[in-house]
2 protein chains.
Amino acid sequence: MRPANPKNKVQILEMAIPLFAKSGFNGVSMRDIAAVVGISAAALYYHFSDKQSLYLQAVAQAFANKDETLTKTLATDDPPEQRLYNFILKFSELIYQDANFLSLLIREMLDGDDERLQKLTRQVFRMQFSSIIDLCKELAPKFDPHLLAVSIIGQLVYHIETKQVRVYLKGGKPEHNDPEVIADHIFNLIMYGLKSNCSVE
Amino acid sequence: MRPANPKNKVQILEMAIPLFAKSGFNGVSMRDIAAVVGISAAALYYHFSDKQSLYLQAVAQAFANKDETLTKTLATDDPPEQRLYNFILKFSELIYQDANFLSLLIREMLDGDDERLQKLTRQVFRMQFSSIIDLCKELAPKFDPHLLAVSIIGQLVYHIETKQVRVYLKGGKPEHNDPEVIADHIFNLIMYGLKSNCSVE
DNA sequence: GTCTATATACCGATAGAC
DNA sequence: GTCTATCGGTATATAGAC
């Protein structure tokens with residue numbers, strides 16, 4: 001039978017990404033991927049040398065351009081506070097909209113060996129983390145910029161990561177999943193803390 | 001051959017916990033567990049009806065008493081600020097010392113279906129989250145207590161979760177992994193924010 | 001309570017036709 | 001580039017001896 005719709009590598013990767021995000025490397029078989037792509041499992045080996053190679057390329061594909069997108073929001077002429085808010089809102093929207101990206105990221109932090117994590121930080125986070133750290137230094141020289149950057153990103157990630165769980169916890173409301181509500185809350189907390197009356201409602 | 005050292009369920013669970021924490025449900029086989037326990041894979045089926053049952057009981061075992069421990073630090077006569085600091089430090093030490101607990105928790109949030117997540121929040125987090133929310137209301141009535149509680153726990157979890165990755169990021173220092181350094185940073189940030197000079201009290 | 005042996009299914013990967 | 005067929009290995013789980 002003549003193949004009606006031959007696939008290229010990127011198409012296959014894009015279809016594999018949600019599978020790996022949902023079930024992890026060990027939870028997805030080559031047959032599973034082949035099924036959603038619409039070809040046989042054997043055909044996957046024409047495009048990729050083995051399963052690990054397919055997985056790593058899928059992760060790289062899912063992470064591509066994320067760093068660039070975020071770094072751009074930090075490299076403007078706006079005042080530092082505005083740049084921080086823009087970054088927080090952009091990051092919030094990014095991980096809210098692209099659930100696969102966040103899942104794969106968390107899975108990589110759990111499963112990746114030292115070599116892969118090093119590569120990950122270089123490819124995905126280096127520029128962005130560098131920019132946010134410089135911004136932290138500018139905004140609050142008294143704070144350790146590394147700890148501060150992790151605190152900001154940690155809140156963003158965790159608010160989205162716990163989306164599914166939080167509805168069962170006390171005080172959970174639907175609007176807590178709105179990326180803008182999350183961003184406003186984090187910015188306000190980071191800037192002014194609990195003991196301030198400078199807060200912006 | 002006479003069995004030299006028969007195992008009970010709890011012993012098996014305790015030995016399975018680090019395996020599931022490190023490699024996840026799909027990354028651990030019944031043979032793997034049997035090997036570290038020191039019995040045959042078939043013998044596991046005397047204690048557990050199937051792999052899923054063993055896994056769920058291992059998770060329950062790993063999570064047992066965590067809620068109680070944390071809730072206790074919140075139920076004292078100390079002033080609210082002191083209670084918040086005690087909670088942050090205790091939580092920081094807890095997830096730093098028990099890496100299996102945090103790994104399993106994150107994996108459950110990725111893999112658990114709605115039913116399991118609901119059970120998880122009831123068993124592990126309900127009292128603790130309830131107490132921290134009441135404390136948040138007391139400390140900062142102007143903030144949404146749910147968002148605030150997630151921000152506090154999110155920072156704690158993320159600082160420890162990224163332990164392995166952060167060494168490759170700008171400004172990373174060994175002392176950033178000290179649970180007390182993390183706790184002090186988070187408490188200070190939460191209470192006073194970056195603009196501490198414009199706080200009222 | 002643990003063993004050996006085994007049933008059954010699925011896995012990753014390859015061979016060779018088209 | 002994709003197919004069918006298949007290999008060798010491993011998975012979960014069971015049967016039955018001790």
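Proteins get letters first, then strands, A, B, ... in listed order; numbering begins at 1 in each.
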- Taking CG from A:Leu44 and P from C:dC11, how many angstroms apart are they, rounded to a whole number? 13 Å
- Heavy atoms only: give me the nearest A:Gly112-A:Arg116 pair and the separation to one decimal. CA-NH2, 4.0 Å
- Item | Spacing of CD belonging to B:Gln82 relative to CZ belonging to B:Phe187, to within rounding of 0.5 Å | 7.5 Å
- Query: Below 4.0 angstrom from OP1 or OP2 of D:dC3, is there any side-chain N or O of A:Ser40?
  - Reply: yes
- Query: Axis-to-axis angle across the helix from C:dG1-D:dC18 to C:dC18-D:dG1, five pairs an end, to 10 degrees?
  - Reply: 0°
- Query: Taking all non-hydrogen atoms of both residues, which atom of A:Leu54 and which atom of A:Ala16 are closest, and how far apart?
  - Reply: CD2-CB, 3.9 Å
Name the pairs: protein N/O against N/O of nucleotides 11-15 of chain D, kept only if under 3.5 Å.
unit_1	atom_1	unit_2	atom_2	d
D:dA11	N7	B:Arg31	NH1	3.3
D:dT12	OP1	B:Met30	N	3.3
D:dT12	OP1	B:Lys51	NZ	3.0
D:dT12	OP2	B:Met30	N	2.9
D:dA13	OP2	B:Tyr45	OH	3.1
D:dA13	OP2	B:Lys51	N	2.8

- Message: Main chain of B:Lys170, side chain of A:His146: is a donor-acceptor contact present, judged purely on distance under 3.5 Å?
- Response: yes
- Are the side chain of B:Thr162 and the backbone of B:Tyr158 linked by a donor-acceptor contact shorter than 3.5 Å? yes
- Does the ring center of B:Tyr55 lie less than 6.0 Å from the ring center of B:Phe25? yes
- Query: More than 12 foreign heavy atoms under 6.0 Å from CD of B:Glu175: is that the case here?
  - Reply: yes
- Query: How long is the line joining CD of A:Gln11 and P of D:dG1, in whole Å?
  - Reply: 11 Å
- Interatomic distance where OH belongs to A:Tyr46 and P belongs to C:dA15 [whole Å]: 17 Å
- Query: B:His185 and B:His159: ring-ring contact (aromatic ring centres under 6.0 Å, His included), yes or no, with the steps?
  - Reply: CA-CA 11 Å; B:His185 160 76; B:His159 272 278; 5.7 Å; yes
